[in-house]
Amino acid sequence: HVQLVESVGGSVQAGESLRLTCEISLYIYSSYCMGWFRQTPGKERAAVAAHYTGTATTYVSDSVKGRFPISEDSAKNTMYLQMNSLKPEDTDMYYCAAAFDSRCDYSWYRVWPYNTWGQGTQVTVS
């Protein structure tokens with residue numbers, strides 16, 4: 001049973017940086033899609049970025065393009081979201097997710113391909 005374990009988020013000032021990590025509990029031998037989503041209470045979960053391990057292709061939403069690079073360390077089974085130049089509007093609960101049957105591509109921003117989710121971590125920017 002695969003689990004995703006996220007690092008603790010935090011509270012930072014606008015302009016500062018924060019790095020979120022997502023560790024996969026089991027080694028996955030095949031390629032898959034990993035993503036980060038955000039969610040405000042009462043609203044739908046929205047995609048932030050995704051990474052396909054097979055080709056190291058990344059996808060990033062327009063709202064964070066150039067600020068939130070996504071990366072992975074396959075040796076550590078860990079995915080990262082480096083959050084730079086944070087803004088108050090980045091405040092949200094962030095979730096990592098894995099889509100083991102997906103190559104990301106056209107559906108990377110959709111919730112439905114992702115079948116395993118982390119517990120979520122709060123990021124607050126003031």
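Source: prediction; values computed, not measured. One-based numbering along the sequence shown.
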> Is the side chain of Arg110 donor-acceptor paired with the backbone N or O of Tyr106 at a distance under 3.5 Å, no angle test?
Replying inline: no
> Atom CD in Gln122, atom OH in Tyr94: separation rounded to 0.5 Å?
Replying inline: 9.0 Å
>> Please tell me whether Leu81 and Val5 are part of a single hydrophobic cluster in this structure, the criterion being side-chain heavy atoms less than 4.5 Å apart.
In response: no
> Is there a path from Tyr109 to Val48 through hydrophobic residues (I, L, V, M, F, W, Y) whose side chains come within less than 4.5 Å of each other?
Replying inline: no
> When rounded to the nearest 0.5 angstrom, what distance separates CG in Leu86 from OG1 in Thr124?
Replying inline: 10.5 Å
> Are Lys87 and Asp90 ion-paired here, with the side-chain N under 4.0 Å from a carboxylate O?
Replying inline: no
> Quick check: does any side chain N or O of Thr78 sit under 3.5 Å from a backbone N or O of Asp73, one acting as donor and the other as acceptor?
Replying inline: no
Donor-acceptor contacts under 3.5 Å from residues 34-47 side chains, at least two apart:
| residue | atom | partner | partner atom | Å |
| --- | --- | --- | --- | --- |
| Arg38 | NE | Asp92 | OD2 | 2.9 |
| Arg38 | NH2 | Glu89 | O | 2.6 |
| Arg38 | NH2 | Asp92 | OD2 | 3.3 |
| Gln39 | OE1 | Arg45 | NE | 3.0 |
| Gln39 | OE1 | Arg45 | NH2 | 3.0 |
| Gln39 | NE2 | Lys43 | O | 2.9 |
| Thr40 | OG1 | Asp92 | OD1 | 2.7 |
| Thr40 | OG1 | Asp92 | OD2 | 3.0 |

>> Could you go through Ser31 and Arg103, starting from their C-alpha distance and side-chain angles, then the distance that decides it, and tell me whether this counts as side-chain contact (heavy atoms from CB on, under 4.5 Å)?
In response: CA-CA 8 Å; Ser31 300; Arg103 298 171 60 89; over 6 Å; no
> Hey, what do you get for CD (Glu72) to SG (Cys22), rounding to the nearest 0.5 Å?
Replying inline: 11.5 Å
>> To check you understand the geometry: which heavy-atom pair defines the closest contact between Trp108 and Ser61, and what is its length?
In response: CH2-N, 3.6 Å
> Taking all atoms of both residues into account, what is the closest heavy-atom pair of Thr121 and Glu6, and its distance?
Replying inline: CG2-OE1, 3.3 Å
> Looking only at heavy atoms, which two atoms of His51 and Ala56 are closest? And how far apart?
Replying inline: CE1-CA, 3.5 Å
>> If you compare all heavy atoms of Ser107 against all heavy atoms of Ser102, which two are closest, and at what distance to 0.1 Å?
In response: OG-OG, 4.0 Å
> What is the distance from atom NE2 of His1 to atom CG of Leu26, rounded to the nearest 0.5 Å?
Replying inline: 9.0 Å
> Please walk me through it: do Phe68 and Leu18 pass side-chain contact (heavy atoms from CB on, under 4.5 Å)?
Replying inline: CA-CA 10 Å; Phe68 290 11; Leu18 196 63; over 6 Å; no
>> Taking Tyr114 as the starting point, is it possible to reach Leu4 by hopping between hydrophobic residues whose side chains are less than 4.5 Å apart?
In response: no
> Which atoms form the tightest heavy-atom contact between Cys104 and Tyr59, and what is the distance?
Replying inline: CB-CE1, 3.4 Å
>> Run the side chain to side chain contact (heavy atoms under 4.5 Å, CB included) test against Tyr27 and tell me which residues pass, sequence neighbours left out.
In response: Tyr29, Asn77
> Can you list the residues that meet the ring pair (Phe, Tyr, Trp, His ring centres under 6.0 Å) rule with Tyr52, with sequence neighbours excluded?
Replying inline: none
>> With clusters defined by side-chain heavy atoms of hydrophobic residues (ILVMFWY) lying less than 4.5 Å apart, directly or transitively, does Val111 cluster with Phe100?
In response: no
> Transitively linked via ILVMFWY side-chain contacts under 4.5 Å: Tyr80 with Met83?
Replying inline: no
>> Would you compute the distance between atom SG of Cys96 and atom CD1 of Ile24 and round it to the nearest 0.5 angstrom?
In response: 8.0 Å
> Closest approach of Arg19 and Ser7, non-hydrogen atoms and distance?
Replying inline: O-OG, 4.1 Å
> Hey, what do you get for CG (Asp101) to SG (Cys33), rounding to the nearest 0.5 Å?
Replying inline: 11.0 Å
